[in-house]
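I have placed the structure first, in the form of structure tokens, so that the comments after it can refer back to it.
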Amino acid sequence: MKPKVALSAAAAALGGVAIHDLTQKKHSLMRNFPVIAHARFALEEIGPELRQYLITSNDEERPFSRDQRSWIYASSKLQNNYTGFGTDNDVENGEYVVFKQHTFSDAVPPTAIHAGEHVWMPGPKVIGKARGRRDAFRPNSVVNISAMSFGSLSGNAIAALNGGAKLAGCLHNTGEGGLSQHHRQGGELVLQIGTAYFGCRDGEGRFDLDKLMKVVESAPVRAIEIKISQGAKPGLGGMLPAAKITEEIAGIRGIPMGKDCSSPSRHAEFSDVDGLLDFVEKIAQATGKPVGIKSAVGDLIFWEQLVEQMRSGARGVDFVTIDGGEGGTGAAPLVFTDAVSLPFRVGFSRVYKIFAQAGIQDRVVFIGAGKLGLPENALVAFALGADQVNIAREAMMAIGCIQAQKCHTDHCPTGVATQSKWLAHGLDPELKSVRLANYIRTLRRDLLKVSEACGVWHPAMLNADDVEIMDGNRRGTPLRELYGYEPTWGGLSGTIRDEIVAAMEATAPQGGSAPPSPDAEL
């Protein structure tokens with residue numbers, strides 16, 4: 001094309017855009033500044049990417065800073081995730097966590113970089129043992145994959161998560177969207193039941209126990225989780241737009257094509273704590289599996305009533321998953337994302353205290369969720385009484401998420417949170433499952449190293465005396481004082497502690513010292 005012709009074509013195109021901008025009424029900026037306003041919208045569109053790579057400091061961006069993302073990416077690729085030249089956190093003015101290392105202890109962390117990555121680090125409690133469930137079990141990992149549904153995530157992403165769970169020896173929560181073929185890559189599962197009863201409902205959307213039992217029997221389901229609420233949008237249901245519903249999703253969930261898919265805000269099978277516990281026992285007796293609940297924390301009346309009805313031991317949940325309000329793989333209204341439900345540390349500690357005051361904390365497995373895929377956050381959760389932690393967004397990053405924050409648009413550029421076949425095609429489940437397993441092993445390694453530095457054999461043995469929250473370099477407040485814990489709360493007790501110490505002593509690598517001199521006082 002000749003230069004003059006090309007320029008004329010470009011001018012005509014720009015003229016067409018200008019006429020469109022001037023005559024439309026939807027965007028005032030475009031009416032006032034035709035053509036050039038598109039640059040503003042383009043910059044807004046790629047703003048997260050620009051801020052991620054060009055503008056913010058290592059610790060500024062949210063929800064995950066550049067440092068945090070870099071650590072996850074390096075861990076998933078088995079690259080060097082150490083850092084040099086000291087911390088770049090604002091320790092003079094900011095609030096931050098400090099773990100208090102012990103000078104002398106039986107547990108000694110090894111120095112080698114990769115030592116501990118393949119250590120068996122099981123959950124400290126046997127899930128379902130206190131209630132005598134037929135299929136009670138001890139989880140092989142204290143770090144497990146949180147609930148993310150097929151439909152919200154692509155099939156390739158779910159396959160990568162489940163394949164990674166198999167390689168890392170951890171549990172994979174299905175999310176409320178049902179159990180798909182993508183969940184069948186060999187990883188053990190926690191089957192989540194939400195308010196819409198996807199995968200275990202009849203033609204009218206009612207809960208169907210027979211269908212639930214068939215699903216449980218068809219896959220390596222180890223436990224069942226009833227979702228009361230989640231951190232992303234607590235107290236609010238969800239919506240999967242009709243445009244994202246494929247025939248595969250419709251078949252798995254038991255829903256029609258061509259209609260928006262709603263998850264109600266409340267359960268139909270129960271409307272109070274008494275009904276919830278009956279529902280729990282009904283499922284546990286039918287399947288033999290441990291049954292627990294997942295919830296964000298707001299009003300404490302629910303938890304007080306739950307503990308009161310569990311005191312006698314006649315009925316009860318086997319595990320409790322507490323989701324922090326800062327959690328967020330699900331799309332939600334901004335006000336719910338920012339301002340509904342308590343953040344993890346406050347919510348978890350309040351719930352744990354209610355169980356501890358009743359003296360029944362050892363009967364329940366406590367699972368934490370909500371940005372706990374970072375070592376320091378997870379370690380604080382353990383010190384507050386968590387037995388296990390679940391990871392979601394960090395697992396997404398391990399399989400390729402770049403925090404583009406387009407999860408709710410179906411245009412995830414890396415194929416994680418989309419149903420676009422083109423975009424999902426870019427995510428290789430086989431490769432990404434290995435990266436996820438690498439990340440989980442590295443996270444467990446760091447949890448073990450810090451725990452041993454603090455003088456204990458397992459992260460769940462940390463207690464509220466092992467952590468302080470610093471206010472710059474002026475003062476520190478012990479975790480126990482900050483959250484009002486009694487002396488025995490937060491750690492493990494009795495036979496539970498003895499069992500996990502024995503397990504870790506037998507498998508965990510130990511550091512040591514140089515050879516002692518003949519005159520050393522040992």
Side-chain angles (χ1 to χ4, degrees), residues 146-159 161-162 172-185 189-219 221 224-230 232-271 279 282-283 286-287 291 293-294 329-333 336 392 407-412 415-424:
S146 194
M148 293 175 281
S149 298
F150 171 55
S152 296
L153 268 57
S154 69
N156 282 357
I158 295 294
L161 293 175
N162 193 254
H172 177 198
N173 192 306
T174 63
E176 66 173 313
L179 203 162
S180 69
Q181 64 174 354
H182 310 291
H183 289 97
R184 303 174 188 272
Q185 310 303 311
L189 299 166
V190 175
L191 178 65
Q192 188 180 83
I193 300 175
T195 55
Y197 309 114
F198 295 131
C200 54
R201 56 190 257 164
D202 64 16
E204 297 182 18
R206 298 172 299 192
F207 175 72
D208 188 322
L209 183 60
D210 290 336
K211 284 191 175 181
L212 172 65
M213 293 178 66
K214 289 178 182 178
V215 170
V216 169
E217 292 166 0
S218 73
V221 174
I224 297 169
E225 180 179 82
I226 301 167
K227 188 178 87 167
I228 308 299
S229 63
Q230 67 184 88
K233 45 194 169 189
L236 185 68
M239 184 68 70
L240 186 66
K244 291 186 70 172
I245 299 174
T246 64
E247 290 187 4
E248 182 182 18
I249 292 172
I252 292 162
R253 295 195 177 198
I255 58 175
M257 290 286 293
K259 294 182 179 180
D260 291 343
C261 175
S262 170
S263 295
S265 58
R266 300 290 185 271
H267 278 269
E269 295 301 295
F270 53 87
S271 57
F279 190 58
K282 175 182 178 179
I283 293 173
T287 64
V291 181
I293 59 173
K294 173 183 179 176
T329 57
F336 276 82
C407 313
H408 58 297
T409 68
D410 201 34
H411 298 301
C412 171
V416 177
T418 180
Q419 295 307 308
S420 164
K421 291 183 178 180
W422 167 59
L423 292 170

*Given side-chain contact (heavy atoms from CB on, under 4.5 Å), test V190 with I224 step by step and report yes or no.*
CA-CA 6 Å; V190 175; I224 297 169; over 6 Å; no

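- The shortest side-chain heavy-atom distance between Q419 and I249 falls under the 4.5 Å cut-off.
- Here the straight-line distance linking atom CG of L179 with atom CG of L191 works out to 6.0 Å at 0.5 Å rounding.
- With hydrogens and angles left out, the side-chain atoms of R184 and S218 include a donor and acceptor closer than 3.5 Å.
- Remark: H267 pairs with Y197, F270 by the ring-ring contact (aromatic ring centres under 6.0 Å, His included) rule, at least two apart or across chains.
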_Criterion side-chain contact (heavy atoms from CB on, under 4.5 Å) on H172 and I158, from CA distance to verdict_ = CA-CA 10 Å; H172 177 198; I158 295 294; 4.2 Å; yes

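- Counting all heavy atoms, side chain and backbone alike, S263 lies closest to E176 at OG-OE1, 3.4 Å.
- P264 places a side-chain heavy atom less than 4.5 Å from the side chain of T195.
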*asked:* K282 vs L209, test: side-chain contact (heavy atoms from CB on, under 4.5 Å). Steps then yes/no.
replied: CA-CA 9 Å; K282 175 182 178 179; L209 183 60; 4.0 Å; yes

_Derivation of the side-chain contact (heavy atoms from CB on, under 4.5 Å) call for E248 and F150_ = CA-CA 10 Å; E248 182 182 18; F150 171 55; 3.5 Å; yes

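- When all heavy atoms are compared, the tightest approach of G415 to S154 is O-OG, 2.7 Å.
- Using a 3.5 Å distance cut-off with no hydrogens or angles, the side chains of H183 and N162 do not pair a donor with an acceptor.
- The pair K294-E225 fails the salt-bridge criterion, with no side-chain N (NZ, NE, NH1 or NH2) lying under 4.0 Å from an Asp/Glu carboxylate O.
- Residues forming a side chain to side chain donor-acceptor pair (under 3.5 Å) with D260 (at least two apart in sequence, or on another chain): none.
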